[in-house]
Amino acid sequence: MTKRLDWVRWCAVSTVVLIVALGVTAEAKTFRWANDGDPTTMDPHARADLFVTTFDMNMYEALLRRDRDLKLEPALATEWSNIDPTTWRFKLRQGVKFHDGTPFTVDDVIFSVRRATAPGSDLAGQLATVKEVKKVDDNTVDFITDGPAPILPNYLAGIAIMSKAWCEAHNTTSAAMLKDEESYATRNANGTGPFMLKDRQPAVRTVLDKNPNWWGIKQQPIDVDEVVFTRIENAATRVAALLSGELDMVYNVPPQDIERIKKTQGMKIWETPELRTIFLGMDQSRDELLESNVKGKNPFKDKRVRQAFYQAIDEDAIKTKVMRGFARPTALMVGPGINGFDPTLDKRYPYDPVGAKKLIAEAGYPDGFEVGFDCPNDRYVNDEAICQAVVAMLARIGVKVNLLAQTKAKYFAKINAPGYQTSFYLLGWTPTPLDTLHMLSNLAQTRSKDFRDGAWNEGGYSNPSLDQLIKEIQVELDSEKRNELISQALSIVKEDFAYIPLHQQIVVWATRDNVDLAPMGNNDFQLRYVKLN
Amino acid sequence: MLAFLVQRLFQAVLVMLAVAVIAFALFNYVGDPISSMVGQDTSVADRERLRHELGLDDSFIVQFARFVGRAARGNFGLSYQQARPVGQIILEKMPATLELSFVAATLALIIGVPMGIYTGLHRDTWLSQLLLALSLVGVSLPTFLIGILLILVFAVMLGWLPSFGRGSVVHFGWWSSGLVTLDGWRAIIMPAVTLSLFQMTLIMRLVRAEMFEVLRTDYIKFARARGLTNRAVNFGHALKNTLVPVITIAGLQLGSIIAFAIITETVFQWPGMGLMFIQAVSFADIPVMAAYLVLVGFFFVVINLVVDLLYHAVDPRLRIDRERVGVG
């Protein structure tokens, strides 16, 4: 009997607790969202993974940040300028505090840049031009570079500023993976940003709270009080959770589900052209292709073969059939939104299978040839399906393409430096600093022995006059002149058929219709823009 | 008995070593973890430095020996993906999988056995035919499809149950339990049903077939001739004798439930070891994969051991045999 009474009492108490809890949470605004990836670490320097950094940058801030139109704007620095060709000077914002209450100082900037460039940080490559960071006075810092560095501010927009005192107190002054131990910054965060880490369950759930003491809160009030991020890998489950009302937003919506979500009441689809360009590359450096029946010579060294491949591929069909319209066909290796993109050059060579067949015959392959084709199957939207379409299209001009579509961990191991074990491949590229130079020096510059230049030039494309242009772009501080040089470089890449650009993907996000947010082409998701109506 | 246990423990170590060898041989084919770990701007030199630090440039034998040496001391290294100790990650994930497997196995038994008895005793009733037809659906539909269908009906259309996750959990030391909250029970229903469906139909069909077999034997006829009640014959004599194969299968299937929870966990985003394994595979997170595979090997050995011990409890003949062997 007493046992039963206990139960009744327990139920009554818990009901009251529940009601009280509900009453409280009804006032707080919670934004729940999901994606297939996880921000694997809260350490903003440990991993240059797009999703990890964009997630962490809601808690951490850099000297500069990007607004919803991708323009650079002041964040922890209020102004910046070149005081001489190799020095960038930044004035720091005053009165900013980290989440734990310690004030933000110039020493934190110097410490953070050192941490981000030390071994173990995955951001070191982005700051390769920085020679020294110098304190000028309490609110001014100089970045001294080993040559003119016109796009250093673009890179700095991605370098989080951490608290020196906090890192030292928790023995995490390096972003390196420790020997058998977890680094404190992996599951804890202390930034200056608009959100603070409340709960972190790796690969499951991450909860952020609004930072009521954020410096920017007056100009830009933060609408949501709490953000709950859940990782949901299975696309069908993710979409189901949105439709059932358990989530307010999902990222990475599979193209086949978009129509369905659009038709559902109370749901909204957000489409934004992504800055990533999907393209095909060809091995133009080896004297004989690794995977081909053509022996003793490399057909891709002949520009006519590359052009034939280009014009045999019907990008419009890929757009409508494979991508279901969620792609923007491109003639350039960069899309709109990247500095240097030149709309006057952005006209694709026409789809022309007959002409392509003629070109490839002129080049000496009237019956076509056979070539291997490397493709990831879990990296880009419908990557494997795009490759299958390419195989079918090239078959029409007599080229037999042997597709090897595999998971990204295997795909990248095969095609990347130092082996470059590929003859023909599909890849996607987003320039990290959102500037064309990054694409040129990674994809189009002649590969150097130490892999510093042309590191991702898997096909070994090389054009000395383009290399010369790239060197000029690297040091040109006058932005108008610089963009002119970039246009020249882009047209060389285009006319050489160095690559076969296909399209920029369209990023699709889905939300309930009471959600307002700022989808950005670089996949950045800044929670400060989220509003729940 | 002690000798028997020691012998089994020795076997367990051998099995786990064998699993580890095979696992390591397979890791050559999962791809390059370095390319998952670094960004596009990381220089080739830095990639090679990381590869060296992680010992990925060592030979297969060296990597394997290092793994075994460290694992023997309970150290599985750091996950490449999460930069956290693998042992800790597994301890976090294990309760979710074990609770799900336990609930699924219980469901399979408490529904599967009675259904088997019923269909075994009443062959030709319409209910038997219906159960058999349904069980056919249960064995032939793939798990992920059943999972998605359940989500569609109970989460999206009816809105009764959550479509993903474990609900709220309560921590008892390192063990996190979802079975003490209403929310947790709501979350476990669909994954547990999905996971148990195949086992349930398997057990039902097994019990049914065994019942047929046993009911034809002489001692059942004698029992009936002695005028025992139906109840005593069916449950006291027949059912008891069907249990040996059922225990074997149910026991072995428990191992499969734990191992094959992978698919169910992926569909329902159930934060257990199966999901962890899938995440590790796509990242080429070798330390996590190695530890998981060895652990599943260990589970299978332990379950087999428990099944063997249960035989002794159920079947007196085995006890006599062993005593004789022991004496002889």
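Chain letters run A, B, ... following the sequence lines, proteins first and then strands; every chain starts at 1.
If you take OG1 on A/Thr40 and OH on B/Tyr80, they are separated by 15.0 Å, rounding to the nearest 0.5 Å. Remark: B/Leu158 CG to A/Ser244 OG distance equals 11.5 Å, nearest 0.5 Å.
Within residues 183-191 of chain B, no residue has a heavy atom under 4.5 Å from a heavy atom of chain A. Interface with chain A: from residues 30-41 of chain B, residues B/Val30, B/Gly31, B/Asp32, B/Ser35, B/Ser36, B/Met37, B/Val38, B/Gly39, B/Gln40, B/Asp41 qualify, criterion being any non-hydrogen pair under 4.5 Å. Scanning residues 56-69 of chain B against chain A with a 4.5 Å non-hydrogen threshold yields no residues.
Residues B/Arg47 and A/Asn416 are in side-chain contact: their nearest non-hydrogen atoms beyond the backbone lie under 4.5 Å apart. Between A/Asn234 and B/Phe164, every side-chain heavy-atom pair lies at or beyond the 4.5 Å cut-off.
Judged by distance alone, the side chain of A/Glu246 and the main-chain N or O of B/Ser163 form a donor-acceptor pair under 3.5 Å. Here the side chain of B/Arg84 pairs no donor or acceptor atom with the backbone of A/Arg187 at under 3.5 angstrom. Of the possible donor and acceptor atoms, none in the side chain of A/Thr237 sits under 3.5 Å from a partner among the backbone N and O of B/Phe268.
Interface remark: of the candidates B/Asp46, B/Val267, B/Leu50, B/Thr266, B/Val267 forms the most heavy-atom pairs closer than 4.5 Å to chain A. No other option in B/Arg166, B/Met157, B/Gln88, B/Glu48 has as many heavy-atom pairs under 4.5 Å with chain A as B/Gln88.
In terms of heavy atoms, A/Pro202 sits closest to B/Lys93 at O-NZ, 3.5 Å. For the residue pair A/Ala203 and B/Gln279, the shortest heavy atom distance occurs at CB-OE1, 3.6 Å.
Neither the backbone nor the side chain of A/Ser121 comes within contact range of chain B; no heavy atoms are under 4.5 Å apart.
Legend: residues meeting ring-ring contact (aromatic ring centres under 6.0 Å, His included) with A/Phe55, ordered by chain and number and at least two apart, are A/Phe229.
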